[in-house]
Each structure stands twice: as C-alpha cells, then as structure tokens.
Peer 1: 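I have a structure here, written as structure tokens, and I will follow up with some questions on it.
Only heavy atoms go into these numbers, but all of them, side chains included; no hydrogens, no water, no symmetry mates. Below, chains carry the letters A, B, ... as their sequence lines are ordered, and counting in each starts from 1. Please read these numbers as outputs of a predicted model, since none were measured by experiment.
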Amino acid sequence: MQTIPDKNSPDQIRNDALFLGKIPSSPHIEESISVPLLEIRDLTIHFIVHRRVTGPNVVVHAADKVSLFVKRGETLGLVGESGSGKTTVGRGALRLIEPTSGEVFLNGQNILKVHTRKLRDMRRKMQMVFQDPADSLNPRFTCRQTLVDALSHACYGSQDILRKALDLLESVGLNPSDLDKYPHQFSGGQQQRIAIARALAFTPELLILDEPTASLDVSVKTQVTQLLRELQKKFNLSFILISHDLSNVKYMTNRVAVMYLGQIIEIGNTSDIFSKPMHPYTRVLIDSVPVPDPDQKRKRASLIGEIPSATEPPAGCRFHTRCPIRFEICDQKEPHLAKLANGHMVACHLVNSSSE
Amino acid sequence: MRIIIYTLKRLLLLIPILLGISIITFAITHIIPGDPLYILLSPYAKEDDIQNARVELGLDKPLYVQYGIYLNDLVHGDLGYAYRTRKPVLDDIKQRFPATFELTTLSLFLAVIVGVPLGVQAAVHRDTWFDHLVRIVSVGGVSIPIFWTGVVLIYILYYKLKIAPPPMGRMGIMDTPPDTITGMYIMDSILTKNWVALKVSLKYIALPAITLSFAMLAPIMRITRNSMLEVLNSNFVRTARSLGLSKRTVIYNDALRNALLPVVTSIGQILGWSLGGEVLVEVVFSWPGLGYYAVNSILNTDYAPVQGFVLLTAMIYVLVNLAVDLLYTVIDPRITY
Amino acid sequence: MDQVYPLKRPSIWHVIKVFMRRYDFEIYLLRRNPVTLLGLGIIVLVTLIAIFAPILAPYDPLALTSADRLMGPSAVHWMGTDDYGRDILSRVIYATRLDMVIATSAVSMAMFIGVILGAVAGFFGGIIGEVIMRILDVIQAFPAFILAMALAVSLGSGKMTIIYVVAFIMVPIFARLMRSEILSARGRGYIEAAHCMGASEMEIIFKQLIPNCITPILVQFALSMSYAILDAAALSFIGLGIRPPEAEWGSMVNAGVGYITSGQLWLSVFPGLVMAIAILGFNLLADGMRDVLDPKLRS
Amino acid sequence: MSEPLLKVQDLKIHFSTFYGVAKAVDGISFEVQHGEALGLVGESGSGKSVTGMAILQLIQPPGKVVAGDIIFAGKSLVDYSEKEMQNVRGSKISMIFQNPRTCLNPVLTLGRQIDRVYLQHNNVTPAQASEHRLEMLSRVGIGDPIRFSNNYPHQVSGGMCQRAMIVMAIICEPQLVIADEPTTGLDVTIQRQIMELLAEMRERMNETQILITHDLGVVAETCHRIVVMYASRVMEVSPTRQLFNEPLHPYTIGLLNSIPRVDIDEQPTPLPGYVPNALNRPSGCPFHPRCSRAQERCQVEQPELVPVKDGRSAACFFVEK
C-alpha cells in the first residue's frame, strides 16, 4: 500500500534534516513564495440531518462559501461560537468530511479532486490535532505503538523508527521512559503532547489545531501553546488554529478569520482585528472575553439572544437577528466580504456602504 | 397528529418484516428432508394416491408458486388443517389462545409489580445485604432452567406440602369451568360472578404463573436496578438534592421516572424471551395453551399447527414491540419522530 | 548511540509486563469480585468433567439394569437410577460433555458469523449493510426459542441440528453488538487521526477498530454460552434435538417429569441442578466482566 | 467586623478509591461575609467543587468529610440531620452547576421543575407557585415565560437551561448561592449574559455568592474577594484588586503570568510541570515541584495559611508579613 521510502529522495533528506535540526528555518513568514500553502475557495459543506419524502430535506449549513488561505509559516486563527462551522471548515480542508462544493488547494493541488492514494499522501502533509487528546489516542496503543504506527505511515524504515520516536518525544518534552505507557497513564497535557508528536512524525507543512488546549488545565494550557509555537519555528510549520478562546488566538495567530453561522464575516491581521474590529459581531465577541484585571471596569456591549439554528439561517445578513446596530437593508441583502487595507475584509453593510 | 403519522409509518415498515416471517414459516414445512407427503399420508398409501394428493395440495408446483398459494391462504385466514385434532388450525388456535394469554399476562403482571420495586430498593440501598440478595435472585433467575423450577415447585407444593393442585391443566376433571365469554377462566368467572370457578382457576394457575414470572422477574429486577443506579448518579438527581427536595421526591419523581424508560423498552424483549418459557411451562403443567398444542403436534409429526403457532407468536411479538416503541415515544419527551 | 536509549530492544518480559499493565484495572476488579472467580471456577470444573467424562463416570450411561429401576440416591448410585435402571450420575456426567460441546460449538459458530456480518454492516454500511440488517430484523422478529423450535422441527433431531439452530438464533446478537461497537468506535478521534495518517481502510479495521471492539464480544460470548445451554436443553426437553436414550440434561429432566407427582424427584432434579450450576457459572463470569467493562466504574 | 455568613474551618474531605485515599480537600479554611461575592479559583482537581458540595453536605460515598466544620449563620451544618439539611438546601443555600443541560430532569417541564422547589420550601398553593415562577422568569430576561415553562430541557439551548437553573436556585431567595462553573461550556457571548444576570441578581436580592471557577477573568470582573486553591489546599486569600495587582503566592504569580490576555500585548510565560494527582500529592508545600522559589524546607514542611497584611493571607514561607 505504501510507497517504499527512498532514503536519498530530497523529501526524505529534508525530513531528516528538520528532525535533527540541521536546517535553520526562518522564524518569520516567507514572503517570497507567492502561492499560499493552503487555499480554500468557496468551500460549502451542507449536512442532511433529516430526509423528507415530501418537500426539501432538512439541511445544516455548516459552511457556506468559505474562502481563505494560509501562507507558509503563519498561523491563521478560526474563531466563532459553537455552531459557527469553524471545525467543519478544518475537517473539510483535510477532506475528513466530503465538502458539498468548493476547492481546496494544497501547494496548488486540489485535494478534492485527487484519488484515494494521492489523497492519503496529501493528507500526510496536513495533520490535525484534536480537542480531546484522550479520545484521539487509541486506548489500546502504548505511546511507543502510537508513534511507531505513525512513523511507519510516514515511510520511515524500521531501522530509524525508534530513533525518530525518541526524537519526537524529546521535541514535545516527554521522556523516553514514557514510551511504554498507555494513554490513560498520562495527564491531559501529556496526552496532547503525544498527539502533537504523532502529527509531527510526518514532518507536515500544515497543522490543523482543533481547540488543542480547550480541555487542559489553566496552568498547562500555556505550556502546550508555547510548545506549539516553538515547534512552528523549529519545523517551519503553518497552523490553522480553530478556537473559541480569543486570548489564546490573539497570542498565537498572525491572521484571524471570524465565522458566524457558516460564513466568514471578518478576516484580517490579528493586530488589526483586535485593535480595530470592524464587524459588530467581532466587536462584541472581543468585548465579551472576561479580562483578569479588576481595574478595567469598562462598559461592554453584550449580545442579546443566541446563535440561530444553522438549518434555517436568517435571510440577508445572518447576524441581523442579534445585531445591535442593524438597519433596513440587513435582513434583505446579504453583505459580501469587502476589502479594506492590509488584506482586512469585512462582510457588513455598515462598513460596505461607507467604503463604497 | 404526528404520532398517528408515525404509527402509520411504522406499520408500513412492518410489511417487509411480516413477509420475512411468512417466508421462514413457509420454509419450515418445505425444507424438511424427505417428502412431506410420506408424513401426511399413511406409510401404506398407494403410489396413485400419493400422486393425487401431491397435485391436490399443489406440491408439484414450483416453490414460489407454492409460497404464493401459502401467502394467499394466510391472507384469507387459512392456516391449514391439523390432522391430529381433525380441525382447521385457526379454530384450534382460537380455542387455546385464551389459556396462553391468561397465563402470560398474569405472569408478566406479577413479575413487574414485584420486580420493579425490588430493583428500585436494591439500587437505593446499594451494596447492602438487600442489594446482594436481589442480585443473587436475579442471577439465579436467569440461570435456573424454567422447566426445572416448575418440576421442583410441583414436588414441594403438590407432592410434599399438598397445597397446590396437580399439574394437570386449568382445572380438575370434576370442576366445571365458567361460561365462556373471553375464554380466560379468571376473567370469565369474575364476569359471570362464578366465585367457585374463580377460586379453582386461581388455584390451578398459581403454580405455572409463579414459575413463569420467576423467569421474567430476574431481568426486570436487574434492568430496574442498573438503570436506577445510573440515574441516581446523574447530574439532575444531584441538582434535585441540592435544591432540598425530599429523598422520596428525588427517588420517585426524578430517578424512577427516568429509570423506568429502559425498563419499558426491555419489557418487549422479556416477553419475547418468556414466550419460549411459556411453551416449557405449558408442557410441565399440561396447560392446554398454544405451546402445549404445538409441542404435541410436533411429537405427532403434524406440522401445520406448528407453522401456525410460529407465525402467530412472531406476529404478536412484532406487534408488542411496536406498541412498546409507540409507548416510549409517548412517555419520553426527548423522542421526536 | 544506541546504548543511550535503554528501551531499544525490549525483552519479552517487558512486553508482557507492559501488556498486563493495560489490564491492571480489570485484573484488580476481577480479584476484588470473588463472585466472578466463583463463576470462573464453576466453568473450569464443568469443562474438566466434560473432558474426563469417560474416566469420571462410574457406570455405562446407557447400560439398562431392569432390577435397579427407580432406585433413590444411595452409596451405590449417588444420584439414583432412572426408569430403565440406568445410573443417573453417569448420565449427568455424559450429558455435561454433550451439552458443553453443543453450546461451545454453537456459540463459536454464531460469534464467527455474527462478528463478520456486523463488521461488514458497521464499516461499509450502504446497501450490503442495509440488507444484512433487514435479514437480522426478520430473524429477531421471532421470539428466539420459538424460532429454534421451528427450525429444529424442519431439520430433524440430532446433535448437529441443535448446534446449527442455536447458532442461527444467536447470530443477530453478535452481529448487532459488533456493528454498534464499530459505529461508536468510528467516530472516535483516533480513527480520524488514522485517516489523517493516510492509513488504508483495511488497516483501520484490523489495527484500530477490531481490537477496540473485541472485549464486549467476549462478554457476550460468556453470556451466550448460558443461553445456548438453556436453549439446547429446552429443545431436547420438548422432544426436539437429542432423543433418548442418549444422555442430555433437558431430555433427562423431561424423562423424570412423569415421576414427580409420585415423589421420585431425583430423576429430574439432578440433571437440572447440574445444568443450572453450569449456566450460573457463565452468568457470573459475564456479569463480572461487564462490571469490568463499565466505563463509569473507571472514573 | 461582623460575624461572617459562612465559615469553613479546617475542612478535610477524603475519597477512598482502589488506588488509595484521595485527599480531595486537605484542611482548608475561609470565610464569606454577608453580601459579598467570593471567588473560589483553582484548576481541575484542586478541590474547589468538592468544597461547594461539602457546604451543602452533599458529599456522596466513597467521599467523606473526615474533619473540619462548616458554620453557616452561626450554626454548624456538620451537626445537622439529613432532614434539617433538606430545609437548608434550596431555601437558605442553593447551588448552580456547570453543564446545565444534564442538570435538569429530562422528563419534566422546566416550569414543573422550578415550581416544585418553591412548593417544597414554601407553604403556598400550586397556582401561587406558578405565578411566582412566571414573575421570576421574566426577571431573568425570558421573553415568553409561559411558553418557556412548558418546554422540556432538551427543547431549549444551554444558555436557557442555565437561566432555568438560576431561577430554581434563587426562587426561594436564599442567603447564599454557590455557583459552580456556571459559565463553563457556554459561548463567550452567552457567558457574558449569564455573568451579568448573576451580578444583577446579587445586587437585587441581596445575596451572598460563592463563585467557583477556573477562569481568572470571570472572578476579576465579578468577585470582591478571591480564594486561590491548588492541590486541595488554599494558597492565597485576597481582595480581588490586590490579588491581581500584587499577587503574593508564587502559584498565583505564576498562574497570572501564564494566561494569555486579550486586553494587553504581553507574552505569557507558562508554569512548568503538571498539576499533581490527587492520590499522590507532593510532600511539604504541594506547589514546590513547580515553584521557582522552592527550597529544601518546602519539600518537608507544609506552610500554613497565615495573615499577611490588609486582610490578605498566603500559604508560603517566603511571603513577607
């Protein structure tokens, strides 16, 4: 099933070198490469939840015409409330869910158009780290088995596997003595480190991090975040960080896309989004985060109501039912993403009308 | 309104199942090794008679045609002819059904009213001697073969203590049964105010009903206990307690109502399981119901009654399960259909 | 370089130790629960009786001695003799052998077929899965024992009939269990992670799914053994399956039923008792194993 | 200073599991004054939730309160019988849990669930109870209280379930409300709504609140005083402002430095190491394996919680008095 590892292939040499830290990878974003690492165009994912004999099926609009790109070495944050479709986009990019329509290019190659074997090869370049580390590790595999399994899929010969496994362990901050432990013998933070090590076995170019720290203890969260940042520098990785934890997103990302009910409503550089959010939803979202500073008693706008059902998204702007500043056009016409400076884009009539 | 549509939908979905059942019952007589005619006719029948009978019964036609004929007969209520009793099978079944129905419902009733409270108490007093006793009884109940329970009960209560009547059917030879209304002796005696008959029929049904309900009791007790334990550990019971609701309210209003949901679903299964036990109990106690009828027919190599019996029990079982499902959608507000 | 890593080549003992550590909690629970051990003890004992039946039985189970008819339990005949003067103890010992062979073969057969059908239905789904599930529905539309009766009628009596029939009615249980296990395991993160690793479907089934689904199947095996013994004996009890004079628990109880009303209890009671003990053994074991598997007990 | 509403004194709660005895709470003491909001902050396994349950005397086996006293309004709750405790729960002290959906009975309507709490503790007719319920529901910002009352928990969102829980907790106007992670698992926007609602209820109904959470942001915005717990023990007790401006205990300092913040551009520095397992706590100060200031003394001797200054106290040898 697998391609036989060629010890002298350029890929393999690069992998080995990265492992042993021989290639100093540049910490800043490589601007020279024009093609983005990952590009998603008009990705639409609908789930049929209930088939009806008469009338249309009940469909969840998990993602509607989502377009974004990730440059090499950067971190893109994908934020939104639960039910906003951020996780679905992450899975759709890996084709773990079959998208309804749209295109996903990895290094210029459309992942949605390739056949099974090629898909497997392409997936290895994009790994995923899941929210619940206990669930993402096979409970019957020791740490050793987990890593060996991954490394053999990454086409390492049996000679190198153990050495590589130990390297991986070291790079995520675990001891060789942890090799023969089962997942339930580790704490949550350690489990997540193993999951990260497993993903790194493929020397991937892109890691999709689906709430990687959500289930961890407060004091452990930052450890894992820090580890991810270090690994990003060391292996020149790109990240998509799916999270609802805005403080963490602010700390980790270069750019942020804000999603609401399956659509991107604002996207831009992290500093821009957090210093001058344009969309009313983004503003409320940032304002809602509790701040550990009792002296900051600023009056915050809070949002009325809850996120509507994704089976029947509101007409016009999807946010209009909760928007504090909506006007007539909002429930009729759907706003499109309008470009502002610095690649900042917003889908809001208020911004659109003033900029046009 | 929606529940009616749902019921209709479920009934439509029953059609393939019922067809499947009929195929299997049809197969009973058609996969018998050897020629079924040699069983039907006497071993001394002449070759001509056999040929005639073959044509007459349609056994010379291809299997699917025979199945079509069988299905057509079924739809018209013709279950065949019982050579042993020399009557149509349907008439025999009609005559014997009340005896079986009476025994089964009484046993199930007994098992539920004893099993559910015991299961609840066992869960509430977890790991006490009472809980252990309930667990022992429930493991014992599924381990002891039902026909053996019957035999031992007869020995103790009839032979040794002389409390129970002999295991010889629904009444003694000298007793007169009540006038037939429903065919169930207990019901009929009450309806005709025949208290003598009521006493006798209760006396005769007691032992088989206890035997059968002992086998049903075990799973009911066990499921009640386990689901009760689960509910007692749930967050909403903790909430109810944290709000100062009394222990009684918490156990009966919060816990039991939720714990009964799995019990209800399992009653259908228990009934299906006990229909097999029913046959054995009827044999042990010579109870003149459907199971006894079927077993006697088997021993006399008369297969049309067996076919009819299997078909009928399967259909009843399917309908009971449907009823349980419908009941479940009514009592559990979370189910949407 | 290699010496730096002490775990380069683990010894076989190390591997076993690591493997056992995976089950330390299960082993602890089994030890803590003496009732389960009792069940295990019963099963071992019954199996030994079945294997060494010819050595253990004091008499020929089929030898007729008209002079010794209907003798009560005594020092010569521990369990008495039956209406043909055969030694009941010897017959019970041989019956143990026959019934254990029937139950083990039937349940193994059901498990083998059921697990394959369930795995296919669970993993591939689609039309094949749908067809498999509908056929199982039809089988389960019958009360199990009634269906067994019907099948036994058409297949005729004999040991093989009982094995096939009991296996047949148990296939749906294993198939459904396997299917639901696979379906619940499929949604787990580690399966998705394996997809990300570019593992093939076959690898995922055999390396990830099946090892994680097998424990509930084993519990069901123990539980099904008790049902299989019950069903086999019940079939013989009503005159289908094993016919006299061959010794079988159910048919022996049946042979004694007629003598109960005259007080000759030993004909029925001993075969039934031994049978109940054997079934109890499997039930206790299954019970203990289920507790071990209950995830709620683990937290 | 007046008598505090609640006093927890040297409380110890042990859980006997098969791996050994887990000291879920190991000798903690704190006080709650009338009308204040006290934050009980700690990571998972620090014993904060168990403390909340212990105040209501709801510790279930295998857990057991092995030592200590809980004094509420001058009376020791530990001495109360089960019957007397029932009258306290829900009417004098009540509790709000996280994961509201699983905390509500799935087969009863929300209205019934609220009513029966009121009926249990007050001598009123069902009609009066339902009237009171409708009034309370509209007070917590539910637009259509009648329709809401007829819903089952699965028919409303998590945020709405939490509102129903809050109504159940405050309908008898208790003196003390313990909120155990009331906003965990909810979206930030809903989280803010619930936090505002709790703050509003405290002011309007003159409640005292204990807020149990792991989120330092939440306590910073809502609480007057904060108790920081780590590994079953109290590390520091401080008024909110002082705690955030000038944390005393190395754990508090480390924790505050380790969380990324949305409001300022400072880089967090993670705390090294892991939270110790409840069965295998380190000797001496439980924080010493992760502490940068730890010395030999910390490994053997367990520091007591001692007053420092301005009504603050800390359990560390190196905090200056």
Peer 1: Using heavy atoms and a sub-4.5 Å threshold, report which of residues 134-150 of chain C line up against chain B, by residue number.
Peer 2: C/D137, C/V138, C/Q140, C/A141, C/F142, C/P143, C/F145, C/I146, C/L147, C/M149, C/A150

Peer 1: If contact means a heavy atom pair closer than 4.5 Å, which residues of residues 282-290 of chain B contact chain C?
Peer 2: B/V283, B/V284

Peer 1: Under a 4.5 Å heavy-atom cut-off, does chain B meet the side chain of C/I277, its backbone, both or neither?
Peer 2: neither

Peer 1: List in chain and number order the residues that pass ring pair (Phe, Tyr, Trp, His ring centres under 6.0 Å) with C/Y94, two or more places apart in sequence or in another chain; answer none if no residue qualifies.
Peer 2: none

Peer 1: Measuring only between side-chain heavy atoms, which start at C-beta, is C/T261 closer than 4.5 Å to B/P167?
Peer 2: yes

Peer 1: Pick one of side chain, backbone, both or neither for B/Y155, based on which atoms fall under 4.5 Å of a heavy atom in chain C.
Peer 2: both

Peer 1: For the interface with chain B, which of C/I238, C/V269, C/V257 has the highest count of heavy-atom pairs at distances below 4.5 Å?
Peer 2: C/V269

Peer 1: So for B/P145, is it side chain, backbone, both, or neither that comes closer than 4.5 Å to the heavy atoms of chain C?
Peer 2: both

Peer 1: Should the heavy atoms of other residues, nucleotides or ligands under 6.0 Å from OH of B/Y67 be counted, would the total exceed 12?
Peer 2: yes

Peer 1: Evaluate whether atom CD1 of C/I127 has more than 12 neighbouring non-hydrogen atoms of other residues, nucleotides or ligands under 6.0 angstrom away.
Peer 2: no

Peer 1: Let's test your reading of the structure: which of C/A276, C/G263, C/S268 forms the most heavy-atom pairs below 4.5 Å with chain B?
Peer 2: C/G263

Peer 1: Does any part of the side chain of B/K160, heavy atoms only, come nearer than 4.5 Å to the side chain of C/L265, both counted from C-beta?
Peer 2: no

Peer 1: Do B/W148 side-chain atoms and C/V253 backbone N/O form a donor-acceptor pair below 3.5 Å?
Peer 2: no

Peer 1: Out of B/I298, B/V306, B/I144, which one racks up the most heavy-atom pairs below 4.5 Å with chain C?
Peer 2: B/I298

Peer 1: If you round to the nearest 0.5 Å, how far is OG of B/S143 from CD1 of C/I42?
Peer 2: 8.5 Å

Peer 1: Using a cut-off of under 4.5 Å on heavy-atom pairs, state which of B/I154, B/L19, B/I21 scores highest against chain C.
Peer 2: B/I21

Peer 1: Checking heavy atoms, do the side chain of B/L280, its backbone, both or neither come under 4.5 Å from chain C?
Peer 2: both

Peer 1: Given side chain to side chain contact (heavy atoms under 4.5 Å, CB included), test B/V139 with C/L280 step by step and report yes or no.
Peer 2: CA-CA 7 Å; B/V139 176; C/L280 186 73; 3.5 Å; yes

Peer 1: Looking at C/I128, I'd like to know if its CD1 atom is crowded, meaning that more than 12 non-hydrogen atoms belonging to other residues, nucleotides or ligands lie closer than 6.0 Å.
Peer 2: no

Peer 1: Which value, rounded to the nearest 0.5 Å, describes the distance between B/I24 atom CD1 and C/L151 atom CG?
Peer 2: 7.0 Å

Peer 1: Does anything in residues 226-237 of chain C reach chain B? List residues with heavy atoms under 4.5 Å apart, or say none.
Peer 2: C/Y227, C/L230, C/A233, C/A234, C/F237

Peer 1: Can you say whether B/L299 sits under 4.5 Å from chain C via the side chain, the backbone, both, or neither, judging by heavy atoms?
Peer 2: side chain

Peer 1: Checking heavy atoms, do the side chain of B/V279, its backbone, both or neither come under 4.5 Å from chain C?
Peer 2: side chain

